[in-house]
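See below for the structure under consideration.
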Amino acid sequence: MLFDYETLKLIWWLLVGVLLIGFAIMDGHDIGVCTLLPFVGQDDTERRVIVNTIGPHWEGNQVWFITAGGAIFAALPLVYATAFSGFYWALIAALWALFFRPVGFKYRSMIKNKAWRQTWDWLLLAGSAVPAVIFGVAFGNLLLGVPFAFDTHLVSTYTGSFFELLSPFALLCGLVSLSMLIMHGGVYLVHRTVDGIHQRAKRLATWAAVLTVALFVLAGFWVQGLDGYVIVGNVDTNAVIDPLAKQVRVQKGAWLNNYYNYPALWLLPALGVFMPLFTMMCLKLKRSLLAFVSSAVALLGIIATAGVALFPFYMPSSSDPKSSLTVWDATSSQLTLTIMLFVVIFLLPIVVAYTSWGYAIMRGKVTKAYIKQNEKTLY
């Protein structure tokens, strides 16, 4: 084997994080753009401009979401099974909302009717804002602990309900998710548009950046008072799937232990706080491309902050702490992880290459004049 089992588990923890961050950055600006659609576009032509900034790319960006789901299914089967059981209705709600996006992009401009198009504008907003909030709520519930437990046959039982997922802290995390994606989408619109759309997107992206920082800091102080989870005693880092073989203690403030033990990790929440502020400065200086890059780094910092706080846990259990799923006891076999690693090494550069090529080819501003000249061929 190229890597030992313990190293492979760590690599796949990082890879799953990379895929989730890639999804947030690439599909996140699509989500942000659609959320802003009814507010930034003042007439139908402006809204068509907005839709066409992301029209050629949004389907390709979904690859990150599909790949992340596939990676969790294959590399973390117990996490996949437990999460999709416990969060079933929340995930179904997110998927139902996401259905409005492909249909909305396809049908919105097919009929030249004001009510028809405005209806699809709001459905595109719902199909973007609802999943953004739900994904953030899911992260919040991981930090709170998920009410599930395994029996001796590793069959999980979920004892919570859909509405229990909507606690104040989880909703706060949902708002962090929504605000950071609105910021990201707004910055993208600033880069791709001109005139009124450009100015309105700039203003809303600035406010979203301020809100992102405020909510992220509030969530950080809240986490200090939450019960965290700590593995007690030695753990077999080379063990096959067996979450019941360990002991876990619940300890107030334990989610910050990794940061106290490794102070360099404070760089991640620092990115989540300072990069949105740097994004605002770049927008003020009319450096929209740099603003987009700094916005992407802000998303990386915020998501990585949560991931590092949870490590080595994937899904802490509030019902039975020793049932918690961790990096060490919830992964597939060494052979499976090795084969998948080679697949990722081969395919991920291809995804990055064709995505970069697509954005490079279709770069530039989308204007009202361009929409009117291509009335029949654009979204």
Side-chain angles (χ1 to χ4, degrees), residues 24-25 27-55 57-58 61 94 97-109 112-136 171 174-216 276 279-280 282-284 286 288 291-292 295-296 298-299 365-368 370-372 378-379:
I25 292 173
D27 201 43
H29 70 267
D30 297 347
I31 288 173
V33 167
C34 288
T35 303
L36 291 171
L37 177 61
F39 309 108
V40 176
Q42 292 189 338
D43 56 41
D44 183 62
T45 302
E46 288 192 347
R47 292 181 181 182
R48 289 194 71 192
V49 168
I50 293 167
V51 170
N52 279 278
T53 62
I54 58 174
H57 307 293
W58 74 270
N61 291 335
L98 285 170
F99 290 160
F100 289 128
R101 296 180 68 206
V103 180
F105 285 124
K106 182 70 174 178
Y107 289 162
R108 184 197 179 278
S109 297
K112 199 168 187 178
N113 176 277
K114 183 177 180 180
W116 170 269
R117 294 186 174 184
Q118 287 182 343
T119 299
W120 282 113
D121 292 339
W122 287 100
L123 289 175
L124 283 169
L125 181 152
S128 299
V130 170
V133 172
I134 288 176
F135 294 147
L171 289 173
L175 292 177
V176 172
S177 174
L178 179 62
S179 63
M180 73 181 189
L181 296 185
I182 290 175
M183 171 189 70
H184 199 46
V187 171
Y188 181 77
L189 276 180
V190 171
H191 185 62
R192 294 297 308 279
T193 60
V194 296
D195 302 329
I197 302 174
H198 175 95
Q199 294 301 326
R200 288 188 290 275
K202 181 178 179 179
R203 183 167 60 252
L204 289 173
T206 300
W207 279 110
V210 173
L211 189 60
T212 298
V213 173
L215 293 175
F216 181 56
T279 299
M280 294 167 53
C282 291
L283 290 175
K284 188 175 181 64
K286 300 181 180 180
S288 59
F292 184 78
S295 176
L299 267 60
K365 305 288 187 180
V366 181
T367 64
K368 289 184 179 182
Y370 178 74
I371 295 296
K372 292 176 180 177
L378 296 177
Y379 289 96

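The first residue of the sequence shown is numbered 1, and numbering continues consecutively from there.
- Here the side chain of Lys368 pairs no donor or acceptor atom with the backbone of Thr45 at under 3.5 angstrom.
- How far SG of Cys34 is from CD1 of Ile182: 11.5 Å, rounded to the nearest 0.5 Å.
- A heavy-atom distance below 4.5 Å is not found between the side chains of Val213 and Met280.
- Of the possible donor and acceptor atoms, one in the side chain of Thr119 sits under 3.5 Å from a partner among the backbone N and O of Ala115.
- Here salt bridge (Lys or Arg N to Asp or Glu O under 4.0 Å) pairs that include residues 114-127, with residues two or more places apart or in two chains, are Asp44-Arg117, Arg47-Asp121, Arg108-Asp121.
- How far CD1 of Ile25 is from CG of Asp30: 12.5 Å, rounded to the nearest 0.5 Å.
- A tilted orientation is assigned to the rings of His29 and Tyr188, their planes being inclined by 30° to 60°.
- With Leu37 as reference, Val51 is the one residue of Leu189, Leu125, Ile54, Val51 to meet the side-chain contact (heavy atoms from CB on, under 4.5 Å) rule.
- A donor-acceptor pair is defined here as one N or O able to donate and one able to accept, closer than 3.5 Å; no such pair exists between the side chain of His191 and the backbone of Val187.
- Closest heavy-atom contact between Gly127 and Leu98: O-CD2, 3.7 Å.
- In plain terms, the two heavy atoms of Asp27 and Trp58 that are nearest each other are OD1-O, 4.1 Å.
- Separation of atoms NZ (Lys202) and CG (Leu283) is listed at 6.5 Å; rounding is to 0.5 Å.
- Heavy-atom contacts from other residues, nucleotides or ligands closer than 6.0 Å to NZ of Lys365 number more than 12.
- Rounding to the nearest 0.5 Å gives a distance of 10.0 Å between OG of Ser128 and CG of Leu178.
- In this structure, OG1 in Thr206 is found 10.5 Å from CE in Met183, a value given to the nearest 0.5 Å.
- Shown here for Gly28 and His184, the closest heavy-atom pair between the two residues is C-CD2, 4.2 Å.
- Within the structure, the salt bridge (Lys or Arg N to Asp or Glu O under 4.0 Å) test picks out no pair touching residues 203-213 (sequence neighbours left out).
- Looking only at side-chain heavy atoms (C-beta outward), Thr35 and Ile31 come within less than 4.5 Å of each other.
- Between Trp120 and Gly104, the shortest heavy-atom contact is CE3-CA, 3.6 Å.
- Residues Leu299 and Leu181 have side chains in contact (heavy-atom distance under 4.5 Å, counting atoms from C-beta outward).
- Residues Thr53 and Thr193 meet the side-chain proximity criterion, which asks for heavy atoms closer than 4.5 Å.
- If you take NZ on Lys284 and OG1 on Thr279, they are separated by 15.0 Å, rounding to the nearest 0.5 Å.
- Between Pro131 and Ala94, the shortest heavy-atom contact is CG-O, 3.7 Å.
- Between Leu215 and Ser179 the shortest heavy-atom distance is CD1-OG, 4.0 Å.
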